[in-house]
Amino acid sequence: MKKRTVSILLAAMLALSMTACGNSRDQEEQTNVTAQGSSNMLVAYFTYAENADLPDGVDASSSASIQTWNDEMTGNTGAVAHMISEATGAELFSIQTVEKYPDSYDATIDQGQAEQSAGARPELSTHIENPDSYDTIFLGFPNWWGDMPMAMYSFLDEYDLSGKTIVPFVTSGGSGFSGSISEIESMESGATVQEGLSLSDSSAMDAQDNVNEWLAGLGYLQ
């Protein structure tokens with residue numbers, strides 16, 4: 001009888017031990033999932049209207065490149081950046097230059113072409129306070145003359161994004177990324193560059209479904 005009692009006690013202790021180990025493993029797995037899901041993300045973007053010397057009270061309908069989002073003036077790329085931020089929970093960062101561009105989009109892209117020809121690096125007026133706190137950076141810009149605006153080169157020169165994931169997106173009149181993906185990969189060779197999203201200027205404001213589908217395919221949609 002005594003041996004039977006000891007056997008029962010040993011079996012009970014073994015069962016409790018296995019349960020404790022199982023709970024410990026479950027907690028460890030939950031911690032790992034939480035850590036993976038808590039990666040900090042940033043949407044860094046350059047857009048026309050936030051970098052142009054626009055007159056006060058300018059009407060967004062006066063130019064197809066000027067848009068409003070939550071009653072704030074932005075451009076096509078800026079609108080897409082807000083869509084990405086709202087769909088992923090990522091923070092927003094507007095890449096802005098010290099010297100503002102003209103209030104005409106045509107004059108602005110002409111200036112952009114001149115900067116491109118000169119290999120210019122426009123001085124930036126905005127800077128990321130804690131770049132190391134972000135693991136994934138959505139990087140957005142318009143296509144100017146088959147390339148990124150030169151302010152994007154200033155941005156990529158300023159930050160070493162090694163070990164991070166870069167997710168590019170572009171708005172254009174039809175040229176898409178052109179050669180900008182290879183430029184990003186070359187300038188940030190230590191980063192992983194994922195599949196980008198290319199949108200036409202004319203469809204940018206109605207692109208939320210396309211944005212969500214793209215984000216879901218990459219596993220970023222909330």
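Side-chain N/O atoms of Tyr101 and Glu115 include a donor and acceptor closer than 3.5 Å. Between the side chains of Ser162 and Asp160, at least one donor N or O sits under 3.5 Å from an acceptor N or O. Using modelled atom types, one finds a donor on one side chain and an acceptor on the other under 3.5 Å when comparing Glu50 with Ser94. Defined by atom type and a distance below 3.5 Å, a donor-acceptor pair is missing between the side-chain atoms of Thr171 and Asn143. Ser200 and Ser203 share a side-chain donor-acceptor pair at under 3.5 Å.
Here the straight-line distance linking atom OG1 of Thr97 with atom CE of Met150 works out to 13.0 Å at 0.5 Å rounding. Asp135 CG to Thr192 OG1: the interatomic distance, rounded to the nearest 0.5 Å, is 11.5 Å. With rounding to the nearest 0.5 Å, the separation of CD in Glu213 from CD in Gln208 is 12.5 Å. Here the CH2-CG distance, from Trp214 to Asn212, works out to 10.5 Å after rounding to the nearest 0.5 Å. Taking CG of Asp103 as the start and OG1 of Thr108 as the end, the distance is 7.5 Å to the nearest 0.5 Å. The structure places CZ of Phe93 at 7.5 Å from CG of Leu42, a figure rounded to the nearest 0.5 Å.
When Leu139, Asn51, Leu124 are each tested for a side chain to side chain contact (heavy atoms under 4.5 Å, CB included) with Phe46, only one passes: Asn51.
Considering every non-hydrogen atom in both Ala49 and Thr74, the closest pair reads CB-O, 3.0 Å. Closest of all the heavy-atom pairs between Leu161 and Ile166 is CD1-CD1, 3.7 Å. Here the closest heavy-atom approach between residue Val167 and residue Leu218 is recorded as CG1-CD1, 3.8 Å. Nearest heavy-atom pair, Pro168 versus Ile181, reported as atom, atom and distance to 0.1 Å: CG-CD1, 3.4 Å. Taking both residues in full, the closest heavy atoms of Ile137 and Ala44 are given as CG2-CB, 4.2 Å, listed atom of the first, atom of the second, then distance. Ala204 and Met83 make their closest contact through O-CE, 3.1 Å (heavy atoms, listed as atom of the first residue, atom of the second, distance).
The side-chain heavy atoms of Asp110 and Trp145, taken from C-beta on, include a pair separated by under 4.5 Å. Using a 4.5 Å heavy-atom cutoff, the side chains of Met41 and Tyr134 are not in contact. Tyr153 places a side-chain heavy atom less than 4.5 Å from the side chain of Asp147. Using a 4.5 Å heavy-atom cutoff, the side chains of Val193 and Glu188 are not in contact. Side chains of Phe138 and Tyr45 form no contact here, defined as non-hydrogen atoms less than 4.5 Å apart. Within the 4.5 Å cutoff, no side-chain heavy atoms of Gln222 are placed close to those of Leu215.
For an aromatic pair to be called close, the ring centres must be under 6.0 Å apart, and Trp144 with Tyr48 fails this.
Listed for the Asp53 side chain is no donor-acceptor partner under 3.5 Å among the backbone atoms of Pro102. Between the side chain of Lys164 and the backbone N or O of Gly190 there is no donor-acceptor pair closer than 3.5 Å. Using modelled atom types, one side-chain atom of Ser117 and one backbone atom of Gln113 make a donor-acceptor pair closer than 3.5 Å. A donor-acceptor pair under 3.5 Å is absent between the side-chain atoms of Thr165 and the main chain of Thr136, judged by distance alone. A donor-acceptor pair under 3.5 Å is absent between the side-chain atoms of Ser178 and the main chain of Ser180, judged by distance alone.
Residues passing the salt bridge (charged side-chain N to carboxylate O under 4.0 Å, His left out) test with Asp157 are Arg121, sequence neighbours excluded. Residues forming a ring pair (Phe, Tyr, Trp, His ring centres under 6.0 Å) with Tyr159 (at least two apart in sequence, or on another chain): Phe155.
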Carefully, step by step, assess Phe141 and Phe169 under the rule ring pair (Phe, Tyr, Trp, His ring centres under 6.0 Å).
CA-CA 7 Å; Phe141 48 88; Phe169 61 100; 7.6 Å; no
Would you please test Glu99 and Gln111 for side chain to side chain contact (heavy atoms under 4.5 Å, CB included) and show each step?
CA-CA 12 Å; Glu99 180 183 349; Gln111 180 175 327; 4.0 Å; yes
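Counting heavy atoms of neighbouring residues, nucleotides and ligands inside a 6.0 Å radius, atom CD of Gln194 exceeds 12 of them. Within a 6.0 Å sphere centred on CD of Glu158, heavy atoms belonging to other residues, nucleotides or ligands number more than 12.
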